[in-house]
Amino acid sequence: MTDPLTARLAATVHAARTSRGLSAVALAEQSGVSRAMIGKIERGDVQPTAALLARLSAALGMTLSELIARAEGDERRLVRAAEQPVWVDPETGYRRRAVSPAAGRPLELVEVELPPGAEVPLAAGTYTFLHQQIWVLDGQLRFHEGTEVHELAAGDCLQLGPAADCVFVNPGPLPCRYLVALVKRAT
């Protein structure tokens, strides 16, 4: 049985794809996600991972936050902490909370909790139209940005450079909690 968020994500991905006039094949080519997997996601047969959703959202010209916020159907200007949408990656346990109300505005704030030992890879295409900064709140974060590796501790803030394949890694024994601030670049 599909949970409600997975069902709404399925409908949101399908609606975003069709509103852009993209076939599943075209979205597969642009995102690097197989046509079969796109079909499973759009039918709600699988709960997609963070990496898959990031690749799809980038190919659809939106942020991951926008995609999740559209699935949540939330356009309020004030969202209380208890009401902020949380999404958990079924593969890594990566927990993502959309802090900003009405995602899709110029600035988005996203709080992430990365379990000990977890690794979340994201392709460069995920970041091509974004300016981002990562602020570590608790724990340790090893951030691979292309060939460069950044070791971050609580209080450290990193401004991301040009789009590159990246990997978020928690090398520590405790969860790592960090805030991602992102702004869409003018297209």
Side-chain angles (χ1 to χ4, degrees), residues 5 9 31-33 47-69 71-72 74 79-187:
L5 181 57
L9 276 169
S31 67
V33 176
Q47 184 183 36
T49 64
L52 281 177
L53 281 179
R55 289 166 46 193
L56 290 172
S57 63
L60 293 166
M62 62 177 72
T63 66
L64 182 55
S65 296
E66 276 182 279
L67 184 67
I68 292 172
E72 289 289 327
D74 194 352
V79 182
R80 304 284 181 197
E83 301 168 336
Q84 293 167 351
V86 174
W87 179 78
V88 179
D89 183 335
E91 188 174 289
T92 63
Y94 160 101
R95 184 179 165 275
R96 183 178 203 289
R97 181 168 64 99
V99 176
S100 298
R105 304 295 186 241
L107 171 68
E108 289 184 38
L109 301 175
V110 177
E111 179 189 30
V112 175
E113 185 173 300
L114 196 57
E119 294 187 19
V120 176
L122 296 175
T126 306
Y127 302 108
T128 55
F129 57 94
L130 300 174
H131 169 81
Q132 295 188 80
Q133 294 187 19
I134 300 168
W135 180 31
V136 177
L137 303 170
D138 296 305
Q140 303 170 344
L141 178 66
R142 179 174 298 137
F143 182 68
H144 297 258
E145 184 179 26
T147 59
E148 195 168 356
V149 178
H150 306 278
E151 298 287 346
L152 305 170
D156 293 346
C157 186
L158 172 68
Q159 177 176 306
L160 274 61
D165 288 344
C166 65
V167 182
F168 293 82
V169 179
N170 179 352
L174 300 173
C176 175
R177 199 168 59 91
Y178 56 93
L179 183 75
V180 179
L182 51 102
V183 177
K184 276 189 173 180
R185 297 176 198 246
T187 53

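For reference, positions follow the sequence shown, starting with 1.
Scanning all heavy atoms of the two residues, the minimum distance from Val120 to Ala50 falls at CG1-CB, 4.4 Å. Closest non-hydrogen pair, Pro48 versus Leu52, comes out as CB-CB, 4.4 Å. Closest heavy-atom contact between Gly155 and Trp135: O-NE1, 3.5 Å. Of all the heavy atoms in Trp87 and Leu9, the pair that sits closest is NE1-CD1, 4.0 Å.
Using cut-offs of 30° and 60° on the angle between ring planes, the pair Phe143 and His150 is parallel.
Taking the salt bridge (charged side-chain N to carboxylate O under 4.0 Å, His left out) definition, one finds that Glu151 meets it with Arg142, sequence neighbours left out.
The main-chain N or O of Ala164 is never found under 3.5 Å from a side-chain atom of Glu145 such that the two would form a donor-acceptor pair. Side-chain atoms of Ser57 never come within 3.5 Å of backbone atoms of Leu67 as a donor-acceptor pair (strictly under, hydrogens ignored).
Residues Val180 and Gln132 have side chains in contact (heavy-atom distance under 4.5 Å, counting atoms from C-beta outward).
Counting only residues at least two apart or in different chains, salt bridge (Lys or Arg N to Asp or Glu O under 4.0 Å) contacts with residues 165-181 comprise Glu111-Arg177, Asp138-Arg177.
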**Request:** Using the side-chain contact (heavy atoms from CB on, under 4.5 Å) rule, take Leu179 and Ile134 through it: C-alpha gap first, then chi angles, then the decisive distance, then the call.
**Result:** CA-CA 6 Å; Leu179 183 75; Ile134 300 168; over 6 Å; no

**Request:** Determine, stepwise, if the pair Arg95 / Val112 fulfils side-chain contact (heavy atoms from CB on, under 4.5 Å).
**Result:** CA-CA 6 Å; Arg95 184 179 165 275; Val112 175; over 6 Å; no

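Checked options Pro171, Pro116, Cys176; the residue passing with Gln140 is Pro171 (criterion: side-chain contact (heavy atoms from CB on, under 4.5 Å)). A side-chain contact (heavy atoms from CB on, under 4.5 Å) with Leu141 holds for exactly one of Val169, Leu114, Asp156, Leu158; it is Leu114.
Of the inter-residue distances, the one linking Leu56 atom CG with Leu53 atom CG reads 6.5 Å to the nearest 0.5 angstrom. Note that SG of Cys166 and CG of Leu160 are 6.5 Å apart. Values are rounded to the nearest 0.5 Å.
The aromatic ring centres of Phe168 and Tyr178 sit less than 6.0 Å apart.
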